[in-house]
Every structure is written in C-alpha cells, then in structure tokens.
Amino acid sequence: MDYLNELNEPQRQAVVNTEGPTMVIAGAGSGKTRVLTFRIAHLIHKGIDPFQILALTFTNKAAKEMKARIGKIVGESEAKNIWMGTFHSVFARILRSEADRIGYPRDFTIYDAADAKNLIKDIIREMNLDEKVYKPGLVYNRISSAKNNLISATSYASNTDLEADDRMSGKPLTGEIYQRYEQRCFRASAMDFDDLLFKTNVLLRDFPDVLHRYQQKFRYILVDEYQDTNYAQYLIVKKLAAMYENVCVVGDDAQSIYAFRGANIQNILNFKKDYPDFKIFKLEQNYRSTKTIVHAANSVIEKNRDQIQKDVWTDNEEGEIIRVLRAATDNEEGKQIAADIFDTKMNAQARNKEFAILYRTNAQSRSFEEALRKLNINYRIYGGLSFYQRKEIKDLLAYFRLTANPNDEEALKRVINYPKRGIGDTTIDALILAAAENNTGIWNVVEMPEMFQVRANAGSLNKVKEFATMIKSFGVQLNTKPGYELASHIATSSGILKELYDDKSPEGVSRYENIQELLNGIKEFSEASPADELRSLSDFLIEVALLTDADNEDPENKDHVTLMTVHSAKGLEFPYVYIVGMEENLFPSQLALNSREELEEERRLFYVAITRAEKRCTLSYANTRYRWGNLTHCEPSRFIDEVDSKYLEMPPAPKELNFDEEWDEPSFRKMKVPKKDSLFEKEPSKKAAVPATPSPSKRNLVKLDEKRPATSVPSSDSDSDLKVGQNVHHEKFGKGKVIQIEGIEPNRKATVFFPAVGQKQLLLRFAKLDILD
DNA sequence: TGCCCGGGTGTTTTT
DNA sequence: CACCCGGGCA
C-alpha cells in the first residue's frame with residue numbers, strides 16, 4: 001500500500017479512517033480527489049467488495065476519471081464494479097430497476113429541461129393562462145425547486161405559504177400547473193431531472209424493503225462536492241447510510257456555488273447533528289497554486305461572513321503577480337486575451353491546453369472565440385448548446401425515445417410529422433384533443449384512432465396509423481438487436497437520414513455528420529459493454545439523457561484552450577487562467593446583488609475561479625460591452641478591489657484619451673478611481689488639490705443609467721483653486737503646467753502641458769491633479 | 001401547409 | 001443582438 005506514502009498526514013488520516021461517519025473539509029487544490037480515490041482504493045484493498053461502494057460525484061466526467069484512477073491502483077476489473085456516478089445517473093439506474101414499484105415502466109423517458117418547459121407551456125395554454133404572466137421557464141424553476149425540497153404537487157397545492165407566494169407574484173395557479181405537469185409526466189412515463197431525485201426519495205420512503213436492500217448493499221457511501229447537494233440528495237444519502245453509517249462526505253463550503261439550484265450549505269452543518277460522533281479531517285495544504293494565487297484567493301473569501309474556519313496555505317513558490325487587464329470593449333477584451341495567450345505560448349513554451357478562459361455567463365464566449373480563431377489557436381467551448389441539444393440529434397433521439405417508450409409525448413410531438421409525412425397541426429391537435437377527452441395518452445389515440453372519435457379525415461388518420469406501425473416495428477427489436485443496429489435502422493427507416501442527406505447546404509452537411517457521430521457514439525457504447533451483456537438502445541438513452549458536453553471529450557485533438565463558465569470549471573485546474581468580464585452587474589451578476597447571501601455566493605464563485613489557476617491568474621474587464629443588443633458601459637467588478645492589492649498589478653492607463661468628444665466615457669472615469677482597498681479606506685484622500693470626484697469608492701460612482709446625477713458633481717468651488725499658470729502633478733502624466741481653464745461645472749476642463757507626454761485636456765471632475773505651488 | 005416577416009422579449013450559473 | 005412566436009400570404 002505504498003500509495004499511502006504519497007499523502008500528507010491529514011490526507012492519510014482521511015484515507016485510512018474508513019469506518020463511521022466522516023467529513024473531509026478540503027480547501028481548494030488540497031488533493032480532495034486524491035483522497036477520495038485513495039480512500040476507495042484503500043477500501044478495496046481491505047477486501048471490501050466494489051459492489052458495496054457507492055460514490056457520488058458532481059459530474060459524470062469526475063466519476064469517469066476517478067474510476068480510471070482507482071483502476072490504476074486496484075485493477076480495472078475491480079474498479080468497474082463500483083457504483084460511481086452523479087446522483088442523477090446512479091439513481092436513474094436504480095429507479096429503472098425498481099420502476100414497477102412506483103408505477104413506471106422500466107424504459108421510462110428522462111425529460112430534459114427543454115421537454116419539461118415545452119410540456120409546461122402546453123399546460124399553460126390548455127388552461128388558457130397568459131404565457132406572458134406564467135412564463136414556462138419560471139414556472140419550471142419553481143416546480144424544480146419544489147421537487148428539490150421534496151414538496152410534491154399535492155402538498156404544493158395545499159400549502160398556503162406557497163399559494164400566498166404565487167398569488168403575490170400574480171401566478172396563483174402555479175400549484176395546479178404543477179399537479180397537471182406531474183400527471184402528464186406520469187402518463188408519458190417520463191421523469192424530469194428533479195424527479196430522478198424526488199422519485200428516489202419516494203421509493204426509499206414508501207418501500208421499506210427496497211430501502212433495506214440498498215442500505216444493505218451500500219456499505220460504504222462517499223459523496224463528493226457535498227457543499228453542493230440539495231435537500232433531496234441529502235435525504236437520499238442519509239437514508240441509505242442509516243444502516244452502516246459508513247458515510248464520507250467531502251466538500252468545501254467556500255466553493256459552494258449552486259444555491260440557485262437548491263444546494264444547501266446547511267447540509268454540511270447538519271452532518272454534525274445527524275452523526276454526532278463523526279470524524280472530521282481538514283485538508284488545508286494547497287498543492288495546486290502559487291503562494292500569490294492562494295493568498296489572493298484567501299484575501300477574497302475572508303470577506304464572506306458565512307464560512308467554516310480554515311487556513312489554506314501552500315509550500316509552492318511565490319509565483320507571478322495577478323494582472324488586471326482593461327479593454328475598451330468586449331471585442332478588445334477577446335483580442336487582448338488571445339494575444340496574451342499567444343505571447344505566453346511563445347515565451348513560456350506553453351501548450352493550448354494549459355490555458356483556460358473563465359467567464360460568468362455562456363454568452364460571453366463569442367469575442368474570445370473570434371479572437372482565438374483569428375490567431376489560429378485551437379479552443380473548445382464547454383457548456384452552452386451541447387451536442388445532444390442540437391435539433392437533428394434531438395430529433396433522432398426522439399425516435400429512439402418513442403421506440404423505447406411510446407407514451408413519451410414530447411418525443412411523439414417532435415417526430416410525428418418529421419420528416420414530413422402529411423400529419424399536420426390540425427390532425428395533431430385533433431389527436432391531442434381526443435386524448436384529453438378520453439382521458440388517455442396520445443399514443444393510445446395514435447395507435448387506434450378509430451376508438452376515440454378523432455375529428456380528422458380518414459386519409460390523415462391512415463398516415464397516423466402508418467406512423468404508429470413504424471414505431472411499433474422498431475419497438476419489437478428493442479431487446480433483440482444491439483443498440484447500434486437498431487439505431488441505424490431507425491435513422492434510415494424514419495427517413496431522417498435521407499432528409500438530411502438531401503440537404504446539401506453546409507448546415508445540412510454538418511447535421512448529417514452529427515447524426516453519423518451520434519450513431520458512432522452508440523456503436524462505441526454498445527461495444528464498450530462486457531461481452532456477456534447486450535446493451536440496448538434504451539440503455540443508451542438513460543445514459544445519454546444525463547450526459548453533458550463535458551462528458552464527450554474526444555481523445556485526439558486535445559490540445560485546445562478551454563472556454564467555460566466558472567461554474568463548469570469547478571474541480572478543474574489549469575496553469576494559466578483568465579477570469580474575464582470582471583465587471584459590476586456581470587460578475588457579480590446583477591441578479592445577485594439583492595442580498596448578502598447571493599453576493600457571498602458570487603464571491604465564492606470568484607474564489608473558485610481564482611483557485612483554478614496553478615501558475616498564473618489574470619483578471620480582465622471591458623469598459624463597454626454589448627448587452628442585449630446595445631452598447632453598455634461597465635464598471636470594474638468590486639471583486640477586483642477585494643483582492644489584496646499587493647497581489648495585483650493594475651492596468652496601465654489607456655494610451656490615448658480623447659477628452660474633447662467623449663469626456664464622460666467610463667474608460668476615462670475609471671482610470672481616476674482609487675483602485676485599491678477603496679472599501680476599507682479609512683481616511684478620505686489627503687491629496688488636496690482638485691478632488692474631482694468626491695467619492696471614496698467606486699460604489700459611489702455614477703450608475704450607468706442615471707446620467708451624471710447631481711451628486712457626482714462637486715458642489716464646492718474647490719477647482720477655483722486651480723489657476724492658469726500653476727504647476728500641477730498628475731498621477732499618470734507627471735508634472736505639468738496649466739495653460740487654460742474653460743467650461744462650467746460639471747464639465748469644467750483644464751488644458752495642461754506635460755513635458756513628458758505633451759498637451760492634454762483634462763476634465764476636472766475626474767482628473768486628480770495635485771497643485772504643486 | 002409552409003414560408004417569411006415583424007415585433008416582442010429576454011440573460012446567470014447546471015444535473 | 002438573437003431567438004421565438006404569431007400572423008399574413010402564397
């Protein structure tokens with residue numbers, strides 16, 4: 001067991017103390033994955049059957065990688081038997097094998113967010129509600145968080161608090177939508193993402209024998225990223241662990257960034273209550289980053305009120321200072337970063353894959369893509385529209401889904417007339433209506449329209465029946481043919497392949513290729529299975545429903561710059577990290593400024609971002625940015641101020657300032673703002689002279705939409721101190737002589753000659769001039 | 001039934 | 001800006 005020698009003392013303790021409830025608080029970069037990996041390997045070495053180990057990770061990718069690492073230590077054949085994956089994928093598997101208990105077929109469909117929203121939209125329409133008021137997306141979120149808190153549709157509808165809430169927001173019928181949504185999902189034999197956790201809880205609650213069986217089975221339970229679990233997940237773990245109490249949770253409260261999705265830091269605190277005799281191990285030595293990065297990150301996170309005390313430190317070298325780059329526009333930001341990557345590649349002989357560009361929102365990726373493409377730097381974007389969300393992929397998958405589960409109404413609606421087969425909206429509406437009138441599923445009507453008085457002409461109904469026959473013919477092959485064969489057969493017989501093949505436009509060609517790629521993926525999937533078990537198409541469907549972009553990394557062509565949101569960067573590390581869009585209202589997000597809790601979550605997010613960096617971390621912001629169509633001004637993020645200034649190198653002043661025209665450009669204003677520690681500035685700047693902006697901090701600066709309110713104008717006549725002929729000193733330009741003063745407040749400006757840089761016009765409102773004589 | 005145009009609307013973050 | 005939806009027209 002020489003792997004134990006590769007660990008420091010707290011890590012080793014966390015690995016070898018395998019029995020009983022254990023909490024590992026792991027600072028960023030402290031070798032958390034290593035500990036989890038070794039802990040599982042250690043269990044197996046001690047003779048624990050891998051089938052009895054349940055390891056829950058945050059992403060499929062993390063699970064896959066961890067499995068591979070464990071495999072290296074204990075052997076592939078052992079490692080592959082561990083129950084490891086995300087909550088969603090592991091419990092989808094379990095739900096599948098226990099489906100009959102809760103009245104679902106084995107091959108139930110997993111609705112993705114788009115399916116769910118579509119269905120909700122339909123329901124809202126059927127109820128004749130105003131879509132502008134009941135926005136499907138928001139209703140979906142509301143239902144989602146109810147499920148994450150284990151509030152069923154029935155209890156939601158009878159909960160007066162929730163009802164009052166909904167009434168306040170003008171949506172008193174949300175409860176009824178939830179109920180109908182549940183019924184429709186059930187009728188379609190479908191579960192949404194949240195159901196996978198919700199229904200697991202139902203299963204474990206209502207069927208003690210099932211609970212007992214899994215309690216017995218999972219003697220050892222490990223949960224990664226515990227700070228990001230929600231109530232539904234917490235309760236599953238608690239129940240499953242109740243028998244042996246060999247539960248080990250690993251997390252870092254400072255990296256909790258999913259409260260918006262119901263994650264609850266309280267789960268970490270609850271651990272103490274649930275298992276009073278738990279052991280706790282703190283991993284505080286960071287092996288990932290330089291001292292600069294670790295200290296800078298600490299200086300940020302310490303501003304949060306809610307946190308578990310810990311002291312992350314490192315033995316690594318001091319490392320490079322954190323640069324702050326400023327760009328005039330979002331496009332410039334892209335160019336600057338791309339150029340910087342280019343330079344670094346040259347100077348440090350770095351490879352593309354050593355770089356990551358992290359942003360707050362997916363929409364920010366565009367300018368970086370363009371700039372990187374221009375410099376011929378390979379990149380890959382994670383998140384955003386994933387492969388599986390493309391139209392052509394969803395279309396084909398819908399055929400697969402319908403084959404496995406004909407009740408799947410979302411899939412049915414998607415493909416009943418694609419490719420075109422003469423079943424128009426009128427016919428479809430008639431089918432839906434007939435289904436509703438007879439209180440049955442659409443599939444039943446599709447299969448036997450004559451039984452349900454469908455108001456549509458005979459010709460159309462014949463086509464409907466043909467469609468049903470086709471789907472049924474696929475269905476009978478479900479468990480006899482290998483997944484790949486059936487999939488290709490469906491792609492061909494459905495007409496999809498031909499439809500796309502005939503489209504010779506570039507997009508059409510690419511769609512055709514995507515379909516081929518999907519089919520190849522299924523082939524790989526079928527073949528990756530052990531020889532003795534046949535992996536069917538429905539096995540693939542379960543898998544694919546929970547797959548994200550990050551999960552299909554192509555092994556070749558791996559040398560690319562990574563572009564992703566900070567959220568998806570969690571758990572990853574890169575030598576060179578750029579955190580971009582460091583602007584107020586973007587990072588921190590505008591929507592997170594309403595409460596301390598939300599702001600603290602944004603700060604943790606920033607902490608996560610900084611701590612992804614190994615060697616060098618760079619922050620950047622733009623002065624202006626296109627946001628929904630028009631150019632908006634941006635203030636640098638308060639988070640820049642929150643980094644201890646001794647680890648920061650602020651941007652140089654802009655090269656050229658055109659004060660004549662755009663004198664209230666924020667780029668100009670920005671330069672004059674006190675940069676550091678402004679939040680904590682004890683005394684107002686003693687610099688006498690011309691205190692153009694009275695505000696001690698950026699926070700007091702003019703908000704963008706309030707165009708230059710009176711408050712920003714110094715009411716004093718302090719600038720009357722300034723006279724033509726005086727010698728002054730300027731932060732950036734050095735010594736100079738005032739040549740001319742003109743204009744009236746607030747637009748009073750001075751023309752100053754600086755020997756170093758020449759003649760400049762300065763707006764007194766912003767310029768900081770010290771009078772020298 | 002299908003296509004095109006115009007208006008309205010919206011942006012965190014993800015399994 | 002980019003997308004989606006609805007309405008009007010071929």
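Letters A, B, ... are given to chains in the order of the sequence lines, protein chains preceding strands, and every chain is numbered from 1. Since the model is a prediction, treat every value here as computed from it, not as a measurement.
Distances shown here put a side-chain N or O of Thr426(A) below 4.0 Å from the OP1 or OP2 atom of dT1(B). Between dC5(C) and Arg125(A), no contact under 4.0 Å exists linking OP1 or OP2 to a side-chain N or O. At least one side-chain nitrogen or oxygen of Ser568(A) sits closer than 4.0 Å to the OP1 or OP2 atom of dT14(B). Note on Lys121(A): a side-chain N or O is less than 4.0 Å away from OP1 or OP2 of dC5(C). Under 4.0 angstrom from either OP1 or OP2 of dT14(B) there lies at least one side-chain N or O belonging to Thr565(A).
In this structure, Arg380(A) satisfies the cation-pi test against Tyr382(A), with its NZ or CZ atom closer than 6.0 Å to the six-membered ring centre and inside 45 degrees of the ring normal. By the 6.0 Å and 45° rule, Arg261(A) stacks over the aromatic ring of Tyr258(A).
Atom CG of Asn118(A) and atom C1' of dC4(C) are 12 Å apart (whole Å). The distance from atom NZ of Lys147(A) to atom C1' of dT15(B) is 14 Å, rounded to the nearest whole Å. Taking atom CG of Asp194(A) as the reference point, atom P of dT14(B) lies 15 Å away to the nearest angstrom. Distance, Tyr140(A) OH to dT15(B) P: 12 Å, rounded to whole Å. Rounded to an integer number of Å, the gap from OH of Tyr626(A) to P of dC1(C) is 7 Å. If you take CG of Asp228(A) and C1' of dT15(B), they are 12 Å apart, rounded to a whole angstrom. Note: CG (Leu599(A)) to P (dT13(B)) measures 18 Å, nearest angstrom. The CD1-C1' distance, from Ile124(A) to dC5(C), rounds to 15 Å in whole Å.
Looking at Val446(A), Asn417(A), Ile428(A) one by one, the single match for side chain to side chain contact (heavy atoms under 4.5 Å, CB included) with Val464(A) turns out to be Val446(A).
The Asn362(A) side chain lies nearest to dT13(B) when the options are dT13(B), dT15(B), dC5(C).
The number of heavy atoms from other shown groups lying within 6.0 Å of CZ (Arg373(A)) is above 12. Counted within 6.0 Å of OH on Tyr418(A), heavy atoms from surrounding residues, nucleotides or ligands total more than 12; the atom is thus considered enclosed. Heavy-atom contacts from other residues, nucleotides or ligands closer than 6.0 Å to CZ of Phe58(A) number more than 12.
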Distances for protein N/O vs nucleotides 3-11 of chain B N/O pairs under 3.5 angstrom?
from	atom 1	to	atom 2	distance (Å)
dG10(B)	OP1	Lys135(A)	NZ	2.6

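Between Thr427(A) and Ser589(A), the one whose closest nucleotide on DNA chain B sits nearer the 5' end is Thr427(A). Heavy-atom nearest nucleotides on DNA chain B were determined for Gly422(A) and for Glu602(A), and the one closer to the 5' end corresponds to Gly422(A).
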Note to self: Apply ring-ring contact (aromatic ring centres under 6.0 Å, His included) to residues Phe186(A) and Tyr104(A) and explain how you reach the verdict.
What the structure shows: CA-CA 8 Å; Phe186(A) 185 71; Tyr104(A) 270 82; 5.2 Å; yes
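With sequence neighbours excluded, no residue forms a salt bridge (Lys or Arg N to Asp or Glu O under 4.0 Å) with Arg305(A).
With both ends at atom P, the span from dT13(B) to dC4(C) equals 16 Å, rounded to whole Å.
Taking the 5.5 Å centre cut-off and the 30° plane limit, the aromatic side chain of Tyr258(A) is not classed as stacked on dT13(B).
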